[in-house]
Amino acid sequence: MKVALVNPPWTFHGSVYLGCREPHLPIELGYARALLERAGHEAALIDAQARGIDLLALRDEVAALRPAMTVIATAPSYLSWRSPPPELRVPMAAVAALRGHGGLLVAVGPHGSATPRAALRKLGVDVVVLGECEEILVMLAGATESRFWQIPSIAYRRNGIDHVQGGPYAACLRTLPALRWDGATLARHVHHHHRFDAVPEGPSAEMETSRGSPCRCASCARDGARDRLRKRPLATVLEELDALLAEGVRHVYFIDERFLPDRALLEELWARDIVFGVQLRIDSWSREMLDLLGRAGCVSIEASVERPSIEGMDALARRCSASTEELTALLVHARRSVPFVQANLSDAGPGDPVEAASWRQRLLGLGVWANEPVPAFPYPGSAAYTRRWGAPDDGAWERAHAHYIAEHRTFGDLPDSRPLPLTELEHGAR
């Protein structure tokens, strides 16, 4: 079977999306391509965002391939699955452009994982995958509609009835292959995510060493597949890294939800000509391991921390064992060997804003960047959503979005415009 794997041409005007808007490697589609080819299928990955092609060019390219199945991502990359653009404007427009040209249309991403029936209705696709998609897409390839009932973690409509089978799927990270990206693909990825220590030169790449986290951050859409930590084998990670080095990459960004202390990995990174950035929980690291992290080549740390108050900690459900003084000391210690350290502050509700502002100014004075606290979006599939409204239903994204833009008047120092209502963003996309 011939399969097209599509990352649409993303646009973010009017969105509450607070993540990075630069193109990143769509690693979930990369894994899917590798597994499909391993199973004997022909798979083409079309990254419209990275290549800067519009919907018409995307349609023509997919039509020329004549695929039997086309997969459309509903988030820009796996980096943003736990905090995606809430609106489906871009994938809706992509589906509309590809209908009649792409064979079986399949949507993958966080929206269908949290609210599969709503995603089916809005997107108008044939199948929605719940959870991590790589292995499910291999099952779908070549399967007839009459056999869909045998495939777990999908939603589809048959004879006017919506069928949802199982919950979000969790892929086996131990069997996912080392990814291979060709030189032309990597050459387009000149953005060094969250790097501020130098003028970036040459291509960068995203990688992962693990998925999931045992910590329950209130705002992340992670219920189901992503609430259990799973690690990739070190040998696989190093094989992928060495292939990137051979293509001229000298900077990588590890997208792990919680980059954990791993002496063996850090020593292997230390032995290579590479610098890297990470996201982590600073209270998971000792001073000794932070020193090794810096020696290994880490140039950027995003450390998610809560407001410095007991109420704020409870609201974020972080189960943080460190005090404000301990967190501050660890951040300052990390800054001794890592050029850029950021305390990623989230505004999750109760807490003293004066106390939060004072802590931020103190961190800035100590050389640790701390952003203005950003209001946490209650993503369907997150603890914040469930505490307020219960399990997500078909109107979950609209409910969360309307509450968010009504509740807040400022959105930290990240967005560039006042968010538009979800219905306005999605109107006319189909």
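Quick note: numbers below take in every heavy atom, side chains included, and nothing from hydrogens, waters or symmetry partners.
- Atoms CD and OG, on Gln342 and Ser304 in that order, are 8.5 Å from each other to the nearest 0.5 Å.
- Between the CD atom in Glu325 and the CG atom in Leu330 there is a gap of 11.5 Å [rounded to 0.5 Å].
- For Glu37 and Arg180, the salt-bridge test fails: no basic side-chain N is under 4.0 Å from an acidic carboxylate O.
- No side-chain donor-acceptor contact under 3.5 Å links Lys231 to the backbone of Thr209.
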request  = Report the C-alpha distance between Asp256 and Gln279 in whole Å, list the side-chain angles of each, state the deciding distance to 0.1 Å, and finish with yes or no for side chain to side chain contact (heavy atoms under 4.5 Å, CB included).
outcome  = CA-CA 7 Å; Asp256 303 40; Gln279 307 173 98; 6.0 Å; no

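- With rounding to the nearest 0.5 Å, the separation of CD1 in Ile72 from CG in Leu88 is 11.5 Å.
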inquiry  = The test is side chain to side chain contact (heavy atoms under 4.5 Å, CB included); show your working for Leu293 and Trp285 and say whether it passes.
reply    = CA-CA 10 Å; Leu293 182 68; Trp285 289 71; 3.9 Å; yes

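- A salt bridge links Arg195 and Asp197; the closest N-O separation between the charged side-chain nitrogens and carboxylate oxygens is under 4.0 Å.
- Between Arg157 and Asp162, at least one side-chain nitrogen of the basic residue sits less than 4.0 Å from a carboxylate oxygen of the acidic one, meeting the salt-bridge criterion.
- Test Ser77, Pro23, Pro76 against Trp10 for side-chain contact (heavy atoms from CB on, under 4.5 Å) and you get one pass: Pro76.
- Side-chain N or O atoms of Arg232 include none that pairs as donor or acceptor with a backbone N or O of Val237 at under 3.5 Å.
- At a threshold of 4.0 Å, the pair Arg51-Glu61 counts as salt-bridged, since one of the basic side-chain nitrogens sits closer than that to a carboxylate oxygen.
- The number of heavy-atom neighbours closer than 6.0 Å to CD of Glu398, taken from other residues, nucleotides and ligands shown, is above 12.
- Although no hydrogens or angles enter the test, the distance criterion places no donor-acceptor pair under 3.5 Å between the side chain of Thr115 and the main chain of Ala118.
- Side chains of Glu87 and Ser15: a donor on one and an acceptor on the other come within 3.5 Å.
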query = side chain to side chain contact (heavy atoms under 4.5 Å, CB included) between Phe377 and His401: does it pass, once the steps are laid out?
reply = CA-CA 8 Å; Phe377 187 91; His401 194 278; 4.2 Å; yes

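- Between Pro339 and Ser337, the shortest heavy-atom distance links the atoms CD-O, 4.0 Å.
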Derivation and outcome, salt bridge (Lys or Arg N to Asp or Glu O under 4.0 Å), residues Arg263 and Glu288 = CA-CA 10 Å; Arg263 183 176 296 276; Glu288 177 198 2; 2.8 Å; yes

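- The distance from the CG atom of Leu238 to the CG atom of Leu269 is 7.5 Å, given to the nearest 0.5 Å.
- Side-chain N or O atoms of Thr386 include none that pairs as donor or acceptor with a backbone N or O of Ala383 at under 3.5 Å.
- Judged purely by distance below 3.5 Å, without hydrogens or angles, the side chains of Tyr169 and Glu135 pair a donor atom with an acceptor atom.
- The CG atom of Asp242 sits 4.0 Å away from atom CZ of Arg272, with the distance rounded to the nearest 0.5 Å.
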Hey, can you pull the donor-acceptor pairs under 3.5 Å for the side chains in residues 139-148, sequence neighbours left out?
from   : atom 1 : to     : atom 2 : distance (Å)
Thr144 : OG1    : Ser146 : OG     : 3.0

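- Atom CZ of Arg66 sits in a sparse spot, with 12 or fewer heavy atoms from other residues, nucleotides or ligands closer than 6.0 Å.
- Separation of the Trp149 and His163 ring centroids does not fall under the 6.0 Å cut-off.
- A side-chain donor-acceptor contact under 3.5 Å links His333 and Asp291.
- Figure legend: Arg281 and Phe259 shown without cation-pi pairing, the cationic atom not lying both under 6.0 angstrom from the six-membered ring centre and within 45 degrees of its axis.
- Between the side chains of Trp81 and Ser113, no donor N or O sits under 3.5 Å from an acceptor N or O.
- Of the charged side-chain nitrogens involved, at least one lies within less than 4.0 Å of a carboxylate oxygen, so that Glu132 and Arg230 count as a salt-bridged pair.
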query = What's the verdict on side chain to side chain contact (heavy atoms under 4.5 Å, CB included) for Tyr379 and Trp397, showing C-alpha distance, side-chain angles and the deciding distance?
reply = CA-CA 7 Å; Tyr379 288 99; Trp397 293 93; 3.8 Å; yes

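- Ring planes of His193 and His191: perpendicular class, angle over 60° (limits at 30 and 60°).
- For Ser80, the side-chain hydrogen bond (donor to acceptor under 3.5 Å, both in side chains) test picks out no residue, with sequence neighbours left out.
- A salt bridge links Asp273 to Arg250: at least one charged side-chain nitrogen sits closer than 4.0 Å to a carboxylate oxygen.
- If you take OG1 on Thr185 and CG on Leu45, they are separated by 7.5 Å, rounding to the nearest 0.5 Å.
- No donor-acceptor distance shorter than 3.5 angstrom exists from the side chain of Ser153 to the backbone of Pro168, with no hydrogens or angles considered.
- Side-chain atoms of Arg21 come within 3.5 Å of backbone atoms of Tyr17 as a donor-acceptor pair (strictly under, hydrogens ignored).
- Side chain of Gln49 to backbone of Pro8: no donor-acceptor contact under 3.5 angstrom is found.
- Comment: Asp393 does not engage Arg117 in a salt bridge, judged by the lack of any side-chain N to carboxylate O separation of less than 4.0 angstrom.
- For His189 and His24, the distance between ring centers is not under 6.0 angstrom.
- When the shell of 6.0 Å around CD of Gln150 is examined, it contains more than 12 heavy atoms from other residues, nucleotides or ligands.
- When ring centroids are compared, Phe276 and Tyr253 stay outside the 6.0 Å threshold.
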